[in-house]
*Asks:* 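My questions will all concern the structure given below.
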Amino acid sequence: MEREVLAEDLKKLYKAGDMVKADCGGCQGCSECCRGMGDSIKLDPLDVYRLETNLGLTFEDLMNSHIELHVAEGSILPNLRMTGAKEKCTFLDENGRCKVHAFRPGLCRLFPLGRYYEEKGFFYYLQDQECPKKNKTKIKVSKWLDVPDLKNYEDFAAKWHFLLKDIRNLLEEKEEEQLTKDLNMYVLNLFYTQPFESGRDFYVQFEERLGQMRKLLSVLRQD
């Protein structure tokens, strides 16, 4: 399930140092954005790494309890699982509060902002109609995101996005069912099921694996 990007939301774009009217005042148990989201809350490798590290769980443990795999545009990626009659996130408590708020996934941290990618980077934009909270107040984008080492995080987010885009483009060009299956399994193993070392910087390890992936794509393009 993809969230539609409205043209009017893209009329004003922001960078990390800009002020934006996104502060929901702590949400106060609203939790509307934690319900009925289908498979739209996709998890990148850092999201899964932080959940594993802070909860003391493996990827397999998370698959058994809080996340699931979905297929989108030819790629197989994990997303947060919605459960029950009200389709709520499994990390939501009975009071409508997030149990993993301190290390919540990037898309949850971002909302009600979104990312608009162009060339090799991105801008932020405000999804004005997505959040029901009235009278939101202004806050600096970087403060709203509350991400340690924001520069490295933004660099990671851009590289991950464009890697997935390049993989999709390659698979569309090749149109080979077995290659699609094999490459998706390789991505899942390299970036998700094969754990990142907790004692080493995540971004350094990601760059190493990204290099492996880029080399493989280069070889596949030549076939």
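In this text, all values refer to a predicted model and were calculated from it rather than measured experimentally.
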*Asks:* Sequence neighbours left out, what passes ring pair (Phe, Tyr, Trp, His ring centres under 6.0 Å) with F103? Give chain and number order.
*Replies:*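 Partners of F103 by the ring pair (Phe, Tyr, Trp, His ring centres under 6.0 Å) criterion come out as none, since no residue qualifies.
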*Asks:* Between side-chain atoms of residues 79-91 and protein atoms elsewhere (two or more places apart, or another chain), which donor-acceptor pairs fall under 3.5 Å?
*Replies:*
residue : atom : partner : partner atom : Å
N79     : OD1  : H70     : ND1          : 3.0
N79     : ND2  : E68     : OE2          : 3.3
R81     : NH2  : M63     : O            : 2.6
R81     : NH2  : I67     : O            : 2.8
T90     : OG1  : H66     : ND1          : 2.7

*Asks:* In the structure I gave you, are the side-chain heavy atoms of F59 and Y192 within less than 4.5 Å of one another anywhere?
*Replies:*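 Side-chain contact under 4.5 Å: yes.
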*Asks:* Is there a chain of hydrophobic side chains (I, L, V, M, F, W, Y, each step under 4.5 Å between heavy atoms) that links L190 to V204?
*Replies:*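 Not linked; separate clusters.
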*Asks:* CG of L179 to CG of L171: how many Å apart, nearest 0.5 Å?
*Replies:*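 L179 atom CG to L171 atom CG measures 5.5 Å (nearest 0.5 Å).
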*Asks:* Could you walk me through whether K12 and Y14 satisfy the side chain to side chain contact (heavy atoms under 4.5 Å, CB included) test, starting with their C-alpha distance in whole Å, then the side-chain angles of each, then the deciding distance to 0.1 Å, before giving a yes or no?
*Replies:* CA-CA 7 Å; K12 187 167 185 180; Y14 305 86; 3.3 Å; yes
*Asks:* Salt bridge or not for K159 and D155, using N-O below 4.0 Å?
*Replies:*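 Counted as a salt bridge, because a side-chain N and a carboxylate O are separated by less than 4.0 Å.
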*Asks:* Parallel, tilted or perpendicular: which one describes the rings of F206 and F156, with boundaries at 30° and 60°?
*Replies:*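 Plane angle over 60°, so perpendicular.
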*Asks:* Quick one: do M213 and V187 satisfy side chain to side chain contact (heavy atoms under 4.5 Å, CB included)? Show the steps, please.
*Replies:* CA-CA 8 Å; M213 192 72 229; V187 170; 3.9 Å; yes
*Asks:* Honestly curious: do F111 and Y125 fall in one hydrophobic cluster under the side-chain, below-4.5 Å linking rule?
*Replies:*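 No, it is not one cluster - the side chains of F111 and Y125 are not joined through contacts under 4.5 Å.
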*Asks:* Using distance only, find each side-chain donor-acceptor pair of residues 16-27 under 3.5 Å and give its atom names and separation, not counting sequence neighbours.
*Replies:*
residue : atom : partner : partner atom : Å
D18     : OD2  : K15     : N            : 2.7
D23     : OD1  : G25     : N            : 2.9

*Asks:* Who passes side-chain hydrogen bond (donor to acceptor under 3.5 Å, both in side chains) against E154, sequence neighbours left out?
*Replies:*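 Residues passing side-chain hydrogen bond (donor to acceptor under 3.5 Å, both in side chains) with E154: Y124.
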*Asks:* Return the minimal non-hydrogen interatomic distance between G96 and S31, and the atom names on each side.
*Replies:*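 Taking every non-hydrogen atom into account, O-CB, 3.5 Å.
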*Asks:* Applying side-chain hydrogen bond (donor to acceptor under 3.5 Å, both in side chains), can you list everything that pairs with Q178, at least two apart in sequence or on another chain?
*Replies:*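 Per chain and number, Q178 pairs via side-chain hydrogen bond (donor to acceptor under 3.5 Å, both in side chains) with D182.
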*Asks:* Any donor-acceptor pair under 3.5 Å linking the side chain of N189 with the backbone of T193?
*Replies:*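 Here the side-chain-to-backbone pair does not exist.
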*Asks:* Could you list the residues that satisfy side-chain hydrogen bond (donor to acceptor under 3.5 Å, both in side chains) with N169, not counting sequence neighbours?
*Replies:*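 Counting only residues at least two positions away or on another chain, N169 forms no side-chain hydrogen bond (donor to acceptor under 3.5 Å, both in side chains).
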*Asks:* How far does CD of E208 sit from CD of Q212, to the nearest 0.5 angstrom?
*Replies:*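 Nearest 0.5 Å value for the CD-CD distance: 8.0 Å.
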*Asks:* Taking side chain as C-beta onward, heavy atoms only, is L69 less than 4.5 Å from L188?
*Replies:*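 Yes, their side chains come closer than 4.5 Å.
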*Asks:* Of all the heavy-atom pairs spanning Y203 and P148, show the shortest one and how long it is.
*Replies:*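 Heavy-atom minimum between the residues: OH-O, 4.3 Å.
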*Asks:* Apply the test side chain to side chain contact (heavy atoms under 4.5 Å, CB included) to residues L92 and R35: give CA-CA distance (whole Å), side-chain angles for both, the deciding distance (0.1 Å), then the verdict.
*Replies:* CA-CA 9 Å; L92 200 64; R35 303 175 189 271; 3.7 Å; yes
*Asks:* Of all residues at least two apart in sequence or in a different chain, which pass the side chain to side chain contact (heavy atoms under 4.5 Å, CB included) check with H101?
*Replies:*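 By the side chain to side chain contact (heavy atoms under 4.5 Å, CB included) rule, H101 matches C98, R104.
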*Asks:* Apply the test side chain to side chain contact (heavy atoms under 4.5 Å, CB included) to residues L163 and L217: give CA-CA distance (whole Å), side-chain angles for both, the deciding distance (0.1 Å), then the verdict.
*Replies:* CA-CA 10 Å; L163 173 65; L217 292 180; 3.8 Å; yes
*Asks:* Pairs in or reaching into residues 45-60: which pass side chain to side chain donor-acceptor pair (under 3.5 Å), with residues at least two apart or in two chains?
*Replies:*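 For residues 45-60, and leaving out neighbouring residues, the side chain to side chain donor-acceptor pair (under 3.5 Å) pairs sorted by first residue read T58-D61.
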*Asks:* With the side chain counted from C-beta on, respond yes when R115 and H161 share a heavy-atom pair under 4.5 Å apart, and no when they do not.
*Replies:*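 Not in contact.
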*Asks:* To check you understand the geometry: which heavy-atom pair defines the closest contact between C33 and M37, and what is its length?
*Replies:*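 Of all heavy-atom pairs spanning C33 and M37, the closest is O-CG, 3.4 Å.
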*Asks:* Scan residues 135-147 for pairs that pass side chain to side chain donor-acceptor pair (under 3.5 Å), counting only residues two or more places apart or in two chains.
*Replies:*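 Residue pairs with at least one partner in residues 135-147: there are none.
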*Asks:* Taking only residues at least two apart or on different chains, which pairs with a member in residues 186-199 satisfy salt bridge (charged side-chain N to carboxylate O under 4.0 Å, His left out)?
*Replies:*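 Found E197-R200.
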*Asks:* Working to the nearest 0.5 Å, report the span between CG of L210 and NZ of K215.
*Replies:*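 If I round to the nearest 0.5 Å, the distance is 11.0 Å.
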*Asks:* State, with a plain yes or no, whether a side-chain heavy atom of V71 is found less than 4.5 Å away from one of N184.
*Replies:*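 They are not in side-chain contact.
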*Asks:* Among residues at least two apart in sequence or on other chains, which ones pass side-chain hydrogen bond (donor to acceptor under 3.5 Å, both in side chains) with R214?
*Replies:*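 Result, side-chain hydrogen bond (donor to acceptor under 3.5 Å, both in side chains) vs R214: D166.
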*Asks:* Find out if a path of hydrophobic residues (ILVMFWY) with successive side-chain heavy-atom gaps under 4.5 Å connects V48 to L77.
*Replies:*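 In one cluster with V48: L77, yes.
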*Asks:* Backbone N or O of N95 within a donor-acceptor pair of the D93 side chain at under 3.5 Å?
*Replies:*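 A pair under 3.5 Å: yes.
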*Asks:* I'd like to know if the side chain of N152 pairs up with that of D149 as donor and acceptor (distance under 3.5 Å, no hydrogens or angles considered).
*Replies:*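 Yes, a side-chain donor-acceptor pair sits under 3.5 Å.
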*Asks:* Step through the shown structure and confirm whether more than 12 heavy atoms of other residues, nucleotides or ligands are within 6.0 Å of CD on E119.
*Replies:*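 For E119, atom CD is not crowded (no more than 12 foreign heavy atoms under 6.0 Å).
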*Asks:* If I take atom CG from residue L113 and atom CZ from residue F123, how far apart are they, to the nearest 0.5 angstrom?
*Replies:*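 L113 CG to F123 CZ: 14.5 Å, rounded to 0.5 Å.
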*Asks:* At what distance, to the nearest 0.5 angstrom, does NZ of K174 lie from CZ of R221?
*Replies:*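 Reported to 0.5 Å precision, the distance equals 9.5 Å.
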*Asks:* For the CD atom of E176 and the CG atom of L170, what is their distance to the nearest 0.5 Å?
*Replies:*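 Result: 9.0 Å between the selected atoms.
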*Asks:* According to side chain to side chain contact (heavy atoms under 4.5 Å, CB included), who are the partners of E177, at least two apart in sequence or on a separate chain?
*Replies:*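 Not a single residue meets the side chain to side chain contact (heavy atoms under 4.5 Å, CB included) criterion with E177.
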*Asks:* Are E118 and Y116 packed together at the side-chain level, in the sense that at least one heavy-atom pair is separated by less than 4.5 angstrom?
*Replies:*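 Answer yes - side chains close enough.
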*Asks:* With a 6.0 Å cut-off on the ring centroids, do F196 and F202 count as close?
*Replies:*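 Yes - the distance between ring centres of F196 and F202 falls below the 6.0 Å cut-off.
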